[in-house]
**Student:** 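To start, I am sharing the structure in question, which I have written as structure tokens.
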Amino acid sequence: MIKRIKGTEDIYGEDASLWRFVESRFVEMALKYGYQEIRTPILEHAELFVRSVGEETDIVRKEMYIFEDRGGRKIALRPEGTAGIVRAYIEHGMSSLVSPQKFFYMGPMFRYEKPQAGRQRQFHQLGVEIFGTPSPSADAEMIALSFRYLKSLGLSQLSLHINSIGCPKCRPAYREALKNYYSEHLDELCDDCKVRYEKNVLRLLDCKVDTKLADSAPRSLDFLCEECRNHFDQLVNELKAMGIEFVIDHKLVRGLDYYTRTTFEIKHGGLGAQDAVCGGGRYDNLVEELGGRSTPATGFAAGVERIVLAMKAEKLRIPVGMERVFVVGTDSSMRTEVLKVAEELRELGFAAEVDLMERSLSAQMKYAARKNYSYVVILGEEELKSGTLSLKNMETGEQRRVPRGKLKEKIRRNER
RNA sequence: GUGACUGUAGCUCAGCUGGUAGAGCGCCUGACUGUGGAUCAGGUGGUCGCGGGUUCGAAUCCCGCCAGUCACCCCA
């Protein structure tokens with residue numbers, strides 16, 4: 001038997017409804033804030049990610065799906081969404097459109113990692129990007145959007161963490177301070193951290209083995225230049241003004257090379273080790289680094305799988321859509337009438353299903369019950385003669401004759 | 001990439017110290033020729049993850065591989 005590829009998932013049944021809800025709610029919310037959708041290819045030149053995500057990052061060094069196409073080009077399946085959107089922004093000269101340009105997107109991303117709870121090789125992200133404004137208001141808006149969105153799904157065990165990692169002007173001093181601090185504790189570091197010390201000092205902060213050392217390490221906020229400091233202060237003020245609760249987390253550094261100033265993350269308390277459902281921040285230099293005009297930008301990405309896991313952890317229900325009705329005939333001679341009534345119901349805005357197995361009336365009732373229909377319309381000789389329908393409420397068992405034209409008002413909406 | 005645990009029907013699992021597969025649930029049909037999730041009866045369904053080895057004989061023991069789960073790394 002051919003099985004699905006490691007780290008990929010088939011989404012079906014109840015899960016598919018959940019996913020649809022998570023995605024459509026996001027689209028609604030992003031549109032409300034004035035964002036427009038952008039769909040970029042899943043395939044990009046591998047070089048794009050090497051230059052944006054960073055040559056030295058794990059994502060590029062060992063997690064990218066790369067292949068050579070028949071024309072000998074090095075192609076990658078996108079490991080994240082931002083790079084492709086920046087590429088599209090530059091390629092289409094969008095910097096000459098009105099600023100800011102605000103985009104939302106969603107779709108599959110690919111990273112060759114070992115799967116675990118909340119981590120797949122093909123995973124799905126939804127997110128936004130704002131181009132053309134250096135203002136902390138942009139950071140505040142997209143952070144607020146992400147947080148409000150997650151709350152609107154019903155999630156409550158959320159915590160928002162923010163930080164600033166400065167800019168190329170002030171970050172070197174901070175990095176130096178960290179290096180000094182850790183150099184005095186080299187022998188206390190775990191093996192992974194010894195590597196981090198050489199490779200990327202900032203990441204020493206999120207070591208899980210020894211958190212005490214990181215707790216008392218120098219804080220990036222204390223090293224910010226004046227511009228970065230003002231930026232951060234204003235972000236904090238705007239979040240407060242919008243009534244968004246957050247904590248300043250000086251240990252929050254993000255893994256992708258392109259971040260500047262603002263970084264943020266939203267964690268969920270009901271998940272396993274992979275507890276970040278959303279993350280992002282500002283990347284003021286990426287557009288220029290990829291060959292575009294110098295353009296400040298900010299954005300976030302949220303993991304759909306993790307959102308879904310979080311919703312399951314909180315046992316959240318989703319609102320039902322259309323009221324569903326099953327239409328049965330007492331025998332095969334009613335077939336035409338059954339089809340007609342089902343079409344009428346669909347026309348009226350209901351979901352209507354009919355038997356496709358040529359089953360007996362009782363078997364059809366059984367099917368309707370198994371599929372959780374709350375209403376069944378029954379058609380037989382008697383109904384046909386009198387121009388009525390029998391409408392059965394499957395929850396109460398109550399059944400009554402209804403004139404054909406009155407179906408709509410007799411079927412009430414209810415919540416699942 | 002590293003580590004731990006796991007792999008028998010669609011699902012959950014049983015199968016003791018080796019004698020070549022079972023249950024419950026599900027699914028289909030019927031009891032129920034105009035009425036359901038309950039009950040009863042029948043039916044459907046398995047290369048015992050894959051490949052080697054040991055043995056007269058392997059789901060059971062050994063090795064390798066693959067897959068799954070969780071954690072590390074990293075990240076959404």
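Just so it is clear, the model here is predicted, and its values are computed rather than measured. Below, read A as the first sequence line, B as the second, and so on, with proteins coming before strands; counting in each chain starts at 1.
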**Student:** At 4.0 Å (heavy atoms only), tell me whether A:Gly272 reaches a base, stays on the sugar-phosphate, or touches nothing.
**Tutor:**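 Touches sugar-phosphate only.
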
**Student:** Now, which nucleotide makes the Watson-Crick or G-U wobble pair with B:rC70, with each of the two distances under 3.5 Å?
**Tutor:**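 In the structure as shown, B:rC70 has B:rG3 as its Watson-Crick or wobble partner.
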
**Student:** Has the side chain of A:Arg119 got a donor or acceptor that lies under 3.5 Å from a partner of the other kind on the base of B:rC73?
**Tutor:** yes

**Student:** Students often get this wrong, so: under 4.0 angstrom with heavy atoms, is A:Gly81 touching a base, only sugar-phosphate, or nothing?
**Tutor:**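 Here A:Gly81 touches no strand at all.
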
**Student:** For the side chain of A:Thr330, counting heavy atoms from C-beta on, which of B:rC75, B:rG68, B:rG34 is nearest?
**Tutor:** B:rG34

**Student:** Mind checking A:Asn372 for me? I need base, sugar-phosphate or nothing, with any heavy atom below 4.0 Å counting as a touch.
**Tutor:**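 Answer is base: heavy atoms of A:Asn372 come under 4.0 Å of a base.
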
**Student:** Does A:Arg359 make a side-chain N or O approach to OP1 or OP2 of B:rU29 shorter than 4.0 Å?
**Tutor:** yes

**Student:** Does any nucleotide pair with B:rG43 by Watson-Crick or G-U wobble geometry, both distances under 3.5 Å, and what is it?
**Tutor:** B:rC27

**Student:** Nearest of B:rC32, B:rC75, B:rA76 to any side-chain atom of A:Gln274?
**Tutor:** B:rC75

**Student:** Got a donor-acceptor pair under 3.5 Å from the side chain of A:Glu113 to the base of B:rA76?
**Tutor:** yes

**Student:** Under 4.0 Å, heavy atoms only, any strand: does A:Glu382 hit a base, just the sugar-phosphate, or nothing?
**Tutor:** base

**Student:** Once you apply a heavy-atom cut-off of 4.0 Å, does A:Lys62 come out as touching a base, just sugar-phosphate, or nothing?
**Tutor:** nothing

